Amino acid sequence: MIKAIKGVKDLLPEETPRWRLIEDTAKRWARCYGFQEIRVPIFETTTLFARSIGASTDIVEKEMYTFADRDGTSLTLRPEGTAGTVRAFIEHNRAADPRPQKYCYLGPMFRHERPQAGRLRQFHQFGVESFGVSDPRADVEVMSLLWRLLSDLTLPGLTLEARYKPVLVAFLKGVETRLCGNCRRRIETNPLRVLDCKVPDCRQATDDAPRLTDSLSSAAREHFDRVTAGLDAVGIPYRLNHRLVRGLDYYCLTAFEVTCSHLGAQNAVGAGGRYDGLVEQLGGAAVPAVGFAVGLERIALMLPQDVSIETPRRVYVAAFGSEAADIGFTLLDELRRTGIPADMDFRAASLKAHLRQADRLGVLYTVLLGDDEVATGSVTIRNMQTKEQENIQFSELPSTLAARLSEQY
RNA sequence: GUGGGUGUAGCUCAGUUGGUUAGAGCGCCGGAUUGUGGAUCCGGAGGUCGCGGGUUCGAAACCCGUCACUCACCCCA
């Protein structure tokens with residue numbers, strides 16, 4: 001048997017309504033905040049990701065799906081959404097257009113990690129990128145959007161944590177001898193991550209690391225004050241976490257993350273931050289930007305089981321008997337052409353089998369068509385809840401059913 | 001890359017110190033009702049016991065190997 005490869009997952013029809021709910025909610029809130037959808041390729045040249053995400057990150061070092069194109073060019077399946085969006089922004093010279101420009105995207109991402117709960121090799125993210133505004137209110141805007149859309153999905157135990165990148169390198173150099181080898185390397189490549197090291201000695205060594213309040217430059221300090229003030233003003237609850245390092249290397253100033261209880265080890269639902277240098281670093285103009293991404297699998301994991309998904313009102317055509325079966329098939333198609341969701345089980349021979357199928361499909365009405373009806377050019381429509389039946393002519397079927405289906409219950 | 005757990009029907013799982021033809025519930029198909037669904041009763045279909053080797057008169061069970069899934073470390077959404 002050919003099986004799906006490790007770390008990917010099929011979403012069977014029972015689950016897709018939940019996913020549509022998540023996607024629709026995210027898109028609705030993004031539109032409400034003025035973000036427009038952008039669709040970029042799921043693979044790009046490898047250098048794009050290496051240069052944006054950071055050459056020494058785990059993602060670039062060992063988690064990318066990289067392969068050679070026929071001409072030898074190194075291509076990579078996107079491990080996140082920001083790099084491709086920024087590339088498109090530069091390539092189409094959007095910096096020349098009026099700002100701000102606010103984009104959102106939705107789609108699969110790929111990282112070669114060991115799968116576990118809430119982590120797959122092909123996973124899905126919804127993200128937003130806001131280009132062109134360095135005002136702290138742009139930070140607040142995306143954080144607010146993130147919080148509102150997650151809250152709207154009624155996920156339990158949400159926490160928004162924020163932090164600012166302090167000047168750490170000098171401090172870390174002073175305690176370098178007490179750090180693990182991994183962390184010594186990180187001092188240069190990603191000093192923030194040292195604070196998040198799980199090795200007890202490292203945690204102890206960084207206990208006295210400069211805190212938020214006393215490590216910011218005056219400009220950063222002002223940005224920070226205005227972001228927190230903005231969050232307060234719009235009523236977004238948050239916690240400051242001076243050890244928060246989640247997110248990619250390109251984040252500057254603001255970095256934030258929303259975690260969700262009841263989620264197991266992978267409790268980060270969404271994360272983001274400001275990345276003012278990235279557009280320029282990738283060859284574009286100096287355009288400030290801020291954004292976030294949420295993991296759809298992790299949201300789906302947290303979504304209450306009892307979310308009710310509206311099912312369309314449908315009908316079932318139960319045509320039994322040799323002649324009726326053919327006429328029924330024609331009627332079925334006629335119903336569909338007039339926009340009435342209708343179905344029929346071509347295997348069923350007995351009326352009993354048809355009705356069982358109709359019941360299973362949860363239809364509102366069943367169209368009964370047997371020898372008796374064929375003889376009079378009519379059908380019997382049965383209300384599956386009240387069991388009321390009425391006999392109508394073929395020609396009246398679509399309009400009658402359309403009227404019945406639109407009735408209120 | 002490193003650990004732990006689990007692999008028996010479509011799904012959830014039993015299966016005794018190793019012993020005849022491997023079971024149940026749910027689901028599926030049919031019948032009871034030759035034209036009326038859900039409930040009940042009856043019947044039926046459905047299995048490489050993950051795979052390979054070994055021990056044994058005999059293995060779903062014991063041993064070795066292997067693969068898959070899963071949880072966790074790491075990292076991240």
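Predicted model only: the values in this text are computed from it and were never measured. First the proteins, then the strands, lettered A, B, ... as listed; each starts at 1. Every heavy atom of this structure was used, including side-chain atoms; hydrogens, water molecules and symmetry mates were not.
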Review point. Are the aromatic ring centres of A/F131 and A/F89 under 6.0 angstrom apart?
Key: yes

Review point. Under the 5.5 Å and 30° test, is A/F123 stacked on the base of B/A77?
Key: yes

Study note, to complete from the structure: Rounded to whole Å, CG of A/L351 lies from P of B/G38 at a distance of 11 Å

**Study point:** Ion pair A/D139/A/R226, N-O distance below 4.0 Å
**Key:** no

Practice item. Rounded off to whole Å, could you give me the CG-to-C1' distance for the A/N391 and B/U36 pair? Key: 15 Å

Check your understanding: A/E323 has an atom CD; how far is it from atom C1' of B/G35, in whole Å?
Key -> 16 Å

Check your understanding: Quick check: does any side chain N or O of A/R121 sit under 3.5 Å from a backbone N or O of A/V8, one acting as donor and the other as acceptor?
Key -> no

Practice item. Could you tell me whether the side chain of A/L364 reaches within less than 4.5 Å of the side chain of A/V315, counting heavy atoms only? Key: no

Revision key, fill the gap. Here the distance between atom C1' of B/C75 and atom CG of A/N267, to the nearest Å, is 13 Å

Practice item. With the side chain of A/D371 defined as its heavy atoms from C-beta on, choose the nearest nucleotide among B/G35, B/C75, B/G37. Key: B/G35

Practice item. Quote, to the nearest angstrom, the C1' distance that separates B/U70 from B/C29. Key: 34 Å

Review point. Just wondering, more than 12 heavy atoms not from A/Y65 lying within 6.0 Å of its OH?
Key: yes

Review point. So what does A/L120 touch, heavy atoms closer than 4.0 Å: a base, only the sugar-phosphate, or nothing?
Key: base

Exercise for review: Ignoring hydrogens and angles, tell me if any N or O in the side chain of A/R298 forms a donor-acceptor pair with the backbone of A/V294 under 3.5 Å.
Suggested key: no

Exercise for review: Please identify each residue that fulfils ring-ring contact (aromatic ring centres under 6.0 Å, His included) with A/F329, with sequence neighbours left out.
Suggested key: A/F346

Review point. Contact class for A/A358 (heavy atom, under 4.0 Å): base, sugar-phosphate, or nothing?
Key: nothing

Exercise for review: Provide, to the nearest angstrom, the distance between the CD atom belonging to A/E63 and the C1' atom belonging to B/C73.
Suggested key: 14 Å

Check your understanding: Can the ring centroids of A/F35 and A/Y103 be said to lie less than 6.0 angstrom from one another?
Key -> no

Point to revise | Gap in Å between the two C1' atoms, one belonging to B/C13 and one to B/C76, rounded | key: 35 Å

Review point. How far does the P atom of B/U8 sit from the matching atom of B/G52, given to the nearest Å?
Key: 15 Å

Point to revise | Interatomic distance, A/L301 CG vs B/C76 P [rounded to whole Å] | key: 20 Å

Practice item. Hey, can you tell me if A/Y275 and A/Y251 have their rings parallel, tilted or perpendicular (30° and 60° cut-offs)? Key: tilted

Point to revise | Pair A/E37 + A/R39: basic N to acidic O under 4.0 Å | key: yes

Output a table of nitrogen or oxygen pairs between the protein and nucleotides 1-5 of chain B separated by less than 3.5 Å.
from, atom 1, to, atom 2, distance (Å)
B/U2, O4, A/R114, NH1, 3.0
B/U2, O4, A/R114, NH2, 3.1

Study note, to complete from the structure: Per the under-4.0 Å heavy-atom filter, residues of residues 29-39 of chain A near RNA chain B come out as none

Point to revise | Separation of the P atoms in B/A39 and B/A77, to the nearest angstrom | key: 48 Å

Practice item. Could you give me the stems involving RNA chain B, meaning stretches of three or more consecutive Watson-Crick or G-U wobble pairs whose two defining distances are both below 3.5 Å? Key: B:1-7 with B:67-73, B:10-13 with B:23-26, B:28-32 with B:40-44, B:50-54 with B:62-66

Review point. With sugar-phosphate meaning primed atoms plus P, OP1 and OP2, does A/M109 contact a base, only sugar-phosphate, or nothing at under 4.0 Å between heavy atoms?
Key: nothing

Check your understanding: Mind checking the P distance from B/G53 to B/C11? Whole angstroms is fine.
Key -> 26 Å

Check your understanding: Do A/E373 side-chain atoms and A/G370 backbone N/O form a donor-acceptor pair below 3.5 Å?
Key -> yes

Review point. What is the per-nucleotide protein-contact pattern of nucleotides 6-11 of chain B, from the 5' end, where B denotes a base atom under 4.0 Å from a protein heavy atom, S denotes such proximity for sugar-phosphate atoms only, and - denotes neither?
Key: ------

Practice item. Kindly point out which of B/G35, B/A68, B/C74 is positioned nearest to the side chain of A/K3? Key: B/A68

**Study point:** Check: A/Y33/A/R148 side-chain N/O donor and acceptor closer than 3.5 Å
**Key:** yes

Check your understanding: Looking only at side-chain N and O atoms, does A/Q116 come under 4.0 Å of OP1 or OP2 in B/U70?
Key -> no

Point to revise | From CA spacing to verdict: side chain to side chain contact (heavy atoms under 4.5 Å, CB included), A/F320, A/L369 | key: CA-CA 6 Å; A/F320 50 101; A/L369 181 59; 5.8 Å; no

Point to revise | Option from A/E23, A/E297, A/K9 for which side-chain hydrogen bond (donor to acceptor under 3.5 Å, both in side chains) with A/H124 holds | key: A/E297

Review point. Just wondering, are more than 12 heavy atoms of other shown residues or ligands nearer than 6.0 Å to CG in A/L12?
Key: yes

Practice item. Would you mind classifying the nucleic acid contact of A/G370 as base, sugar-phosphate or nothing, using non-hydrogen atoms under 4.0 angstrom? Key: base

Review point. Checking all strands, does A/G118 fall into the base, sugar-phosphate, or nothing category for heavy-atom contacts under 4.0 angstrom?
Key: base

Practice item. For A/T82 and A/E129, test the side chains for any donor-to-acceptor distance below 3.5 angstrom and give the result as yes or no. Key: yes

Study note, to complete from the structure: A/C104 and A/V128 have their tightest heavy-atom pair at CB-CG1, 3.8 Å

Check your understanding: Do A/L368 and A/I381 touch side chain to side chain, with heavy atoms closer than 4.5 Å?
Key -> no

Check your understanding: Does the B/G35 base have a donor-acceptor partner in the side chain of A/E373 within less than 3.5 Å?
Key -> yes

**Study point:** P-based separation of B/G4 from B/C63 [nearest Å]
**Key:** 16 Å

Revision key, fill the gap. Between A/K62 and A/G7, whichever has its closest RNA chain B nucleotide further toward 5' is A/G7

Review point. Is it true that A/D10 and A/K3 make a salt bridge, defined as a side-chain N closer than 4.0 Å to a carboxylate O?
Key: no

Exercise for review: Would you classify A/L368 as touching base, sugar-phosphate or nothing, given that sugar-phosphate means primed atoms plus P, OP1 and OP2, and contacts are heavy atoms under 4.0 Å?
Suggested key: base

Review point. Under 4.0 angstrom, heavy atoms only, what part of the nucleic acid is A/E80 near: base, sugar-phosphate, or nothing?
Key: nothing

Check your understanding: Distance only, no hydrogens: is a donor on one side chain within 3.5 Å (strictly under) of an acceptor on the other, for A/S378 and A/N391?
Key -> yes

Exercise for review: Select base, sugar-phosphate, or nothing to describe what A/F320 touches, counting heavy atoms under 4.0 Å on all strands.
Suggested key: base

Exercise for review: Confirm from the modelled atom types if A/K387 and B/G38 form a donor-acceptor pair under 3.5 Å, side chain to base only.
Suggested key: yes

Check your understanding: How long is the line joining CG of A/D359 and P of B/G37, in whole Å?
Key -> 10 Å

Review point. P atom, B/G18 versus B/G25: distance in rounded Å?
Key: 28 Å

Review point. Taking the same atom, P, in B/G30 and in B/A45, what whole-Å distance lies between them?
Key: 15 Å

**Study point:** Value in whole Å for how far the P atom of B/A77 lies from CG of A/L150
**Key:** 14 Å

Exercise for review: Determine whether any donor atom in the side chain of A/Q125 lies under 3.5 Å from an acceptor atom in the base of B/C76, or the reverse, and answer yes or no.
Suggested key: no

With the criterion being N/O to N/O and under 3.5 Å, what pairs connect the protein with nucleotides 29-31 of chain B, and how long is each?
from, atom 1, to, atom 2, distance (Å)
B/C29, OP1, A/R347, NH2, 3.4
B/C29, OP1, A/R360, NH2, 3.1
B/C29, OP2, A/R360, NH1, 3.2
B/G30, OP2, A/R356, NH2, 2.0

